[in-house]
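These notes are about the structure you will find just below.
Here the structure is a predicted model, which is why all the values come from computation and not from measurement.
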Amino acid sequence: MGLADARFDVNLSILFTELPLLERPAAAAAAGFDAVELWWPWIDDPAPDKVRLDDLRSALEAAGTRLVGLNFYAGQLPGPDRGALSVPGEESDRFRANVEVAAGFAASVGCRALNALYGNRVDGVDPAAQDALALENLVRAARAADEIGATLLIEALNAPESPRYPLVSADAAVDVVRQVNEATGLDNTRFLLDLYHLAMNGEDLPAVIERHTALTGHVQIADSPGRGAPGTGALPLGALLDALRAKGYDGWTGLEYKPSPAGSAAAFGWLPR
């Protein structure tokens with residue numbers, strides 16, 4: 001049991017980033033993976049031209065890797081931003097411009113999970129106004145996801161690394177999930193349960209799993225502290241994944257951790273083969 005029984009995919013926005021984007025799917029395949037996930041790859045462009053979209057699709061197909069998770073446009077990530085959908089003005093407009101583009105690309109490669117990062121609080125803007133804007137944009141994203149048979153994901157981050165992000169607990173993220181499902185009536189919005197972020201927030205992880213697995217649509221892991229590979233920190237990741245399975249979770253588990261000092265290809269020695 002434990003780590004041997006999970007279905008792992010590799011996040012190509014944190015692992016294999018020493019390579020150009022179009023070379024990363026093949027590198028993941030060479031490391032033994034047939035599934036990958038991505039943050040929005042073009043951080044300055046919510047609506048890239050057809051050539052760039054086609055090139056990424058071709059790279060995924062040539063490598064034999066399935067894209068199982070994709071973020072909507074989230075601003076400068078990695079960088080100072082933590083999403084765009086609750087940020088008034090240009091960033092919210094960029095998110096809206098991206099919704100159909102991201103959903104269309106996901107549909108074209110068979111991806112059925114789309115993650116929408118909420119966005120940081122903005123000085124001088126009423127948090128209630130940001131929350132209203134967020135709900136409006138999340139409803140838009142949920143409907144676009146529904147049109148392609150996909151799930152919309154809402155993620156909690158951690159307060160030490162993302163102090164201006166308002167969803168820094170499982171309960172806060174799940175509350176937004178429920179609001180979106182109620183507003184749309186579609187019931188296709190789910191919680192992205194990232195064990196690293198929740199651990200960094202000091203949450204009782206077994207209690208979170210007990211309460212929220214039924215609304216969990218995707219899981220991500222990294223060890224804590226350090227955000228390294230399993231075994232580099234103190235989290236009992238095998239036992240936690242067992243607990244998720246015992247509660248009925250049978251989806252993908254994204255490897256969203258920092259590569260080892262020897263590089264990304266050397267970051268999977270912990271993985272049972």
Main-chain N/O of Gly64 paired to Asp34 side chain as donor or acceptor, under 3.5 Å: no

Note, Gln76 side chain near Asp44 side chain (heavy atom, < 4.5 Å): yes

Asp81 (side chain) donor-acceptor with Ala74 (main chain) under 3.5 angstrom: no

Check: Thr213 side chain, Leu244 main-chain N or O, donor-acceptor pair, under 3.5 Å: no

Main-chain N/O of Ala35 paired with Asp9 side-chain donor or acceptor, under 3.5 Å: no

Donor-acceptor contact present, side-chain Asp49 to main-chain Val51, <3.5 Å: yes

Verify same cluster id: Val101, Leu153 (apolar side-chain graph, 4.5 Å): no

Short side-chain donor-acceptor distance under 3.5 Å, Asn115 and Asn71: yes

Donor-acceptor under 3.5 Å (Asn11 side chain, Gly254 main chain): no

Evaluation steps, side-chain contact (heavy atoms from CB on, under 4.5 Å), between Leu15 and Phe268: CA-CA 11 Å; Leu15 285 157; Phe268 306 109; 4.2 Å; yes

Side chain to side chain, Thr65 and Leu12, heavy atoms closer than 4.5 Å: no

Pair Glu90 + Arg94: basic N to acidic O under 4.0 Å: yes

NZ/NE/NH1/NH2 to OD/OE distance under 4.0 Å, Asp171 and Arg211: yes

Straight-line distance of Leu114 CG to Thr151 OG1, nearest 0.5 Å: 8.5 Å

For Phe8 against Leu3, the heavy-atom pair lying closest together: CE1-O, 3.2 Å

Spatial distance of atom CD1 (Ile154) from atom CG (Leu193) [nearest 0.5 Å]: 13.5 Å

Non-hydrogen atoms of Ala102 and Leu70 that approach each other most closely: O-CD2, 3.9 Å

Asp123 bridged to Arg164 by N-O distance under 4.0 Å: yes

4.5 Å side-chain heavy-atom contact, Leu205 and Leu235: yes

Asp187 bridged to Arg190 by N-O distance under 4.0 Å: yes

For Ala144 against Glu100, the heavy-atom pair lying closest together: CB-OE2, 3.9 Å

Leu135 backbone acceptor or donor facing Gln179 side chain under 3.5 Å: no

side-chain contact (heavy atoms from CB on, under 4.5 Å) assessment of Val36 paired with Val68: CA-CA 6 Å; Val36 299; Val68 299; over 6 Å; no

Min side-chain heavy-atom separation Asp5-Leu241 under 4.5 Å: no

Distance in Å, Gln220 CD paired with Leu198 CG, rounded so as to fall on 0.5 Å steps: 10.5 Å

Glu18 side-chain N/O to Ser264 backbone N/O, donor-acceptor pair under 3.5 Å: yes

Side chain to side chain, Ser260 and Trp270, heavy atoms closer than 4.5 Å: no

Approximate separation, where rounding is to 0.5 Å, of Arg7 CZ and Tyr249 OH: 7.5 Å

Asp146 and Arg143: CA distance, side-chain angles, deciding distance, salt bridge (charged side-chain N to carboxylate O under 4.0 Å, His left out) verdict: CA-CA 5 Å; Asp146 181 66; Arg143 288 174 175 157; over 6 Å; no

Expected output: side-chain Glu23 to main-chain Phe16 donor-acceptor under 3.5 Å: no

Common cluster, Tyr118/Phe95, ILVMFWY with side-chain heavy-atom separation under 4.5 Å: yes

Spatial distance of atom CG (Leu21) from atom OG (Ser13) [nearest 0.5 Å]: 7.5 Å

Exam field: side chain Asn158 to backbone Met200, donor-acceptor pair closer than 3.5 Å: no

Taking every non-hydrogen atom, the tightest pair across Pro80 and Asn120: O-ND2, 3.2 Å

Ion pair Arg57/Asp54, N-O distance below 4.0 Å: yes

Verify same cluster id: Val176, Leu133 (apolar side-chain graph, 4.5 Å): no

Lys/Arg-Asp/Glu bridge criterion (N-O < 4.0 Å) met for Arg121, Asp131: yes

Min side-chain heavy-atom separation Phe105-Arg52 under 4.5 Å: no

Hydrophobic cluster identity match, Leu138 and Leu117, side-chain contacts under 4.5 Å: yes

In one Ile/Leu/Val/Met/Phe/Trp/Tyr side-chain cluster, 4.5 Å: Leu255, Leu157: yes

Heavy-atom side-chain contact between Ile14 and Arg227 under 4.5 Å: yes

Other residues, nucleotides, ligands: >12 heavy atoms within 6.0 Å of Glu182 CD: no

Rounded distance (nearest 0.5 Å) linking atom OG1 of Thr253 with atom CZ of Arg245: 7.5 Å

Verdict with reasoning, Trp252 to Arg66, per side-chain contact (heavy atoms from CB on, under 4.5 Å): CA-CA 12 Å; Trp252 291 97; Arg66 175 185 172 191; 4.2 Å; yes

Asp175/Arg178 salt bridge by N-O under 4.0 Å criterion: no

Pair Asn137-Ser92, side-chain donor/acceptor within less than 3.5 Å: yes

Charged N-O contact under 4.0 Å between Arg82 and Glu161: no

Nearest non-hydrogen partners of Trp40 and Phe72, listed with the distance: CB-O, 3.7 Å

Residue pair Trp42 / Leu56, side-chain heavy-atom distance below 4.5 Å: yes

Tyr196 ring center near Tyr257 ring center (under 6.0 Å): no

Exercise: identify the closest heavy-atom pair between Thr232 and Asp223: N-OD2, 3.3 Å

